[in-house]
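Treat the numbers as computed from the prediction; the structure is a model and nothing was measured. For the single chain, residues carry numbers from 1 onward in sequence order.
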Amino acid sequence: MLPTKLIEAERRLKAAEDDLVTALLHSDEESIKNARTKVRLARRERNKEAQAAIALIRE
């Protein structure tokens with residue numbers, strides 16, 4: 001079973017990606033910039049949690 005933190009990070013990434021799609025549909029440059037930043041940060045967090053999960057599995 002996946003660690004809860006990884007699952008939560010995946011959900012936050014999905015929400016950030018949805019926000020980016022919405023911003024792109026509205027063509028608001030500031031919203032697009034902010035949404036891209038949210039996606040980038042969410043991906044970093046998800047990757048960090050994935051690495052932690054892999055480390056737990058290897059132990």
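- The CG atom of N47 lies 10.0 Å from the CZ atom of R44; values are rounded to the nearest 0.5 Å.
- Heavy-atom contacts from other residues, nucleotides or ligands closer than 6.0 Å to CZ of R36 number 12 or fewer.
- The hydrophobic clustering, which links ILVMFWY residues whose side-chain heavy atoms are closer than 4.5 Å, places L41 and L13 apart.
- The CG atom of L20 sits 7.5 Å away from atom CD1 of I32, with the distance rounded to the nearest 0.5 Å.
- Note that CD of E8 is 8.5 Å distant from CD of E45, once rounded to the nearest 0.5 Å.
- Ion pairing between a basic and an acidic side chain is recognised when a charged N comes within 4.0 Å of a carboxylate O; E10 and R46 show such pairing.
- A9 and E49 get closest at one heavy-atom pair: CB-CG, 4.2 Å.
- The side chain to side chain contact (heavy atoms under 4.5 Å, CB included) check on A53 picks up P3, L6, with sequence neighbours excluded.
- The CG atom of N34 lies 12.0 Å from the CD atom of E29; values are rounded to the nearest 0.5 Å.
- Taking a cutoff of 4.0 Å between a charged side-chain nitrogen and a carboxylate oxygen, R43 and E17 qualify as a salt bridge.
- When atom types are taken as modelled, the side chain of S31 and the backbone of S27 share no donor-acceptor pair closer than 3.5 angstrom.
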